[in-house]
**Q** 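My questions will all concern the structure given below.
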Amino acid sequence: MCTVVILRRPGHDWPLILAANRDEMTDRPWRAPGRHWQDRAEVTAGRDELAGGTWLGLNDWGVIAGVLNRPGSLGPDADLRSRGELPLEALDHAEAAAGAKALASIDPAGYRSFNLVIADATQAFWLSSPGGGARVRAEPIPEGLSMITAHNLNDDASPRIRRYRPKFEAAPPPDPKTGDWAAWQALMGDRREDSEAEEKGSMTIVTDKAFATVSSSLLALPAPALRDVKPHWLFAPGRPGETAYEAVEFQ
């Protein structure tokens, strides 16, 4: 997964809004979000059929976790563990803070470099493992609108962040209560029609290397006080803008 957009609004009925596009090799098999793990019955997540992990998931306690590559680290390494294990381990926890603390203590030498987002309705964290023996760093994600790609949080070195963060900040925020995600859906599906789309920061990409945006997610977490309100998860099993989003069932 190569782009996460996160809007934090403490005190709002919907304090956490998250959007994510997954960019991956198109021949890598996967399954849409569901309850795919018998030993983790509380987890709803997409399943990577190659390594058995996930790129993005949500548990019944209202914790979201998603993993992204760092620059130059696309694909698996036969000598290392799959980074898809990391969101599942984060989702073993009932609070984002507990998940972030646990994942910050892992041995980074066991994985290729990664970015990891762990969030709930009250807190959100960005964990980064840049490789080269450096320890995993965990930082809180601030209130307001943030973006993460293969680069650091809100890092303008990323063409995608530089181009799209102002657009998301200016766009009307989603309204999960009415189901209005139109502005964000349009941005998640935005695509540059040229051969340098990836380098120039297209949100949705297609390349001649069988690498492309293969799915998209829109999630919203309700405030803890809204006990009878469930999270919303809309999933597009293909490129947004070309593939319709449908509601993920949590049963």
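One is the number of the first residue; the rest follow in order along the sequence. Atom set for the values below is all heavy atoms of this structure, side chains included, hydrogens, waters and symmetry mates excluded. Values in this document were obtained by computation on a predicted structure and should not be read as measured data.
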**Q** Between Asn115 and Trp126, is any side-chain donor less than 3.5 angstrom from a side-chain acceptor?
**A**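 Judged by distance alone, the side chains do pair up.
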**Q** Taking Asp120 for the side chain and Ala96 for the main chain, is one N or O donor matched with an acceptor at less than 3.5 Å?
**A** yes
**Q** Might you confirm whether atom CD of Glu95 has over 12 heavy atoms from other residues, nucleotides or ligands at distances under 6.0 Å?
**A** no
**Q** Please name the pair of heavy atoms, one in Glu42 and one in Leu91, separated by the smallest distance, quoted to 0.1 Å.
**A** OE2-O, 4.0 Å
**Q** In the structure I gave you, are the side-chain heavy atoms of Asp190 and Ser202 within less than 4.5 Å of one another anywhere?
**A** no
**Q** Under 3.5 Å, is there a donor-acceptor pair between the side chain of Asp180 and the main chain of Pro174?
**A** no
**Q** Less than 4.5 Å apart, side chain to side chain, heavy atoms only: is that true for Pro142 and Arg8?
**A** no
**Q** Run the numbers on Cys2 and Arg160 for side-chain contact (heavy atoms from CB on, under 4.5 Å), then give the verdict.
**A** CA-CA 10 Å; Cys2 286; Arg160 196 173 299 177; 3.9 Å; yes
**Q** Just by distance, with hydrogens left out, do Asn69 and Arg83 show a side-chain donor and acceptor under 3.5 Å apart?
**A** yes
**Q** With rounding to the nearest 0.5 Å, note down the distance linking CZ in Arg112 to CG in Asp79.
**A** 11.0 Å
**Q** Return the minimal non-hydrogen interatomic distance between Ala90 and Ala65, and the atom names on each side.
**A**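 Where Ala90 meets Ala65 most closely, the heavy atoms are CB-CB, 3.8 Å.
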**Q** For a quick test of reading the model, state the closest non-hydrogen atom pair linking Trp37 to Ala45 and the distance between them.
**A**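 Nearest heavy atoms, Trp37 then Ala45: CZ3-CB, 3.6 Å.
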**Q** Hey, what's the ring geometry for Phe250 with Trp233, parallel, tilted or perpendicular (30° and 60° as the breaks)?
**A**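 Rings of Phe250 and Trp233: tilted, as their planes differ by 30° to 60°.
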**Q** Looking only at heavy atoms, which two atoms of Pro108 and Ala134 are closest? And how far apart?
**A**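 Between these two residues, the closest heavy atoms are CG-O, 3.3 Å.
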**Q** Check for me, please, whether Val67 and Leu80 land in the same ILVMFWY cluster - side-chain distances under 4.5 Å, paths through other members count.
**A**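 No, Val67 does not connect to Leu80 through the hydrophobic network.
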**Q** Does the side chain of Gln185 reach to within under 4.5 Å of the side chain of Leu218, using non-hydrogen atoms?
**A**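 Gln185 vs Leu218: side chains touch.
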**Q** I'd like to check Pro176 versus Ile17 (side-chain heavy atoms, cut-off strictly below 4.5 Å). Are they in contact?
**A**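 Pro176 reaches Ile17 side chain to side chain.
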**Q** In terms of ring plane angle, is the pair Trp30 and Phe235 parallel, tilted or perpendicular, where the classes change at 30° and 60°?
**A**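 Ring orientation of Trp30 relative to Phe235: perpendicular.
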**Q** Is the backbone of Asp155 close enough, under 3.5 Å, to the side chain of Asn152 for a donor and an acceptor to pair up by distance?
**A**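 Flag not set: sc Asn152 to bb Asp155 has no pair under 3.5 Å.
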**Q** Looking at Arg35 and Asp60, is any side-chain nitrogen of the basic one under 4.0 Å from a carboxylate oxygen of the acidic one?
**A** yes
**Q** Nearest 0.5 Å, please: how far is CE in Met203 from CG in Asp23?
**A**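 If we round to the nearest 0.5 Å, Asp23:CG and Met203:CE are 9.5 Å apart.
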**Q** Where do Asp13 and Val229 land on the side-chain contact (heavy atoms from CB on, under 4.5 Å) test, with the steps shown first?
**A** CA-CA 10 Å; Asp13 282 351; Val229 180; over 6 Å; no
**Q** Are His232 and Trp181 close enough that their ring centers fall under 6.0 Å?
**A**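 Here the rings of Trp181 and His232 have centres that are no less than 6.0 Å from each other.
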**Q** If you define the side chain from C-beta out and look only at heavy atoms, does anything of Pro237 sit under 4.5 Å from Thr243?
**A**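 Yes, side chains in contact.
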**Q** Taking all heavy atoms of His93 and all of Val63, pick out the closest pair and write down the distance.
**A**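 Taking every non-hydrogen atom into account, O-CG2, 3.6 Å.
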**Q** Side chains of Pro231 and Leu58, heavy atoms from C-beta outward: is any pair under 4.5 Å?
**A** yes
**Q** Return yes when atom CG of Asp228 has more than 12 non-hydrogen atoms of other residues, nucleotides or ligands closer than 6.0 Å, and no otherwise.
**A**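 Check fails, neighbour count at 12 or below.
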**Q** Let me confirm one number: the CG-CZ distance from Leu50 to Arg28, rounded to the nearest 0.5 Å.
**A** 4.5 Å
**Q** So do the side chains of Tyr111 and Ile106 get within less than 4.5 Å of each other, counting heavy atoms only?
**A**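 A side-chain contact exists here, since the closest heavy-atom pair is under 4.5 Å.
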**Q** Considering non-hydrogen atoms only, spot the tightest contact between Gly189 and Thr204 and give its length.
**A** CA-OG1, 3.4 Å
**Q** For residues Met25 and Ile205: do they belong to one hydrophobic cluster (side chain heavy atoms under 4.5 Å, members Ile, Leu, Val, Met, Phe, Trp, Tyr)?
**A**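 Yes, Met25 and Ile205 fall within the same hydrophobic cluster.
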**Q** How many angstroms lie between CG in Leu145 and CD in Glu169, if you round to the nearest 0.5 Å?
**A**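 Reported value, rounded in 0.5 Å steps: 5.0 Å.
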**Q** When you compare the side chain of Met188 with that of Thr213, does any pair of heavy atoms fall below 4.5 Å?
**A** no
**Q** What's the verdict on side-chain contact (heavy atoms from CB on, under 4.5 Å) for Val136 and Leu103, showing C-alpha distance, side-chain angles and the deciding distance?
**A** CA-CA 8 Å; Val136 177; Leu103 272 295; over 6 Å; no
**Q** Report the distance from atom CZ of Arg22 to atom OG1 of Thr54, rounding to the nearest 0.5 Å.
**A** 8.0 Å
**Q** In Å and rounded to the nearest 0.5 Å, what is the CD to CG distance from Gln123 to Leu16?
**A**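 Output value for this atom pair is 11.0 Å.
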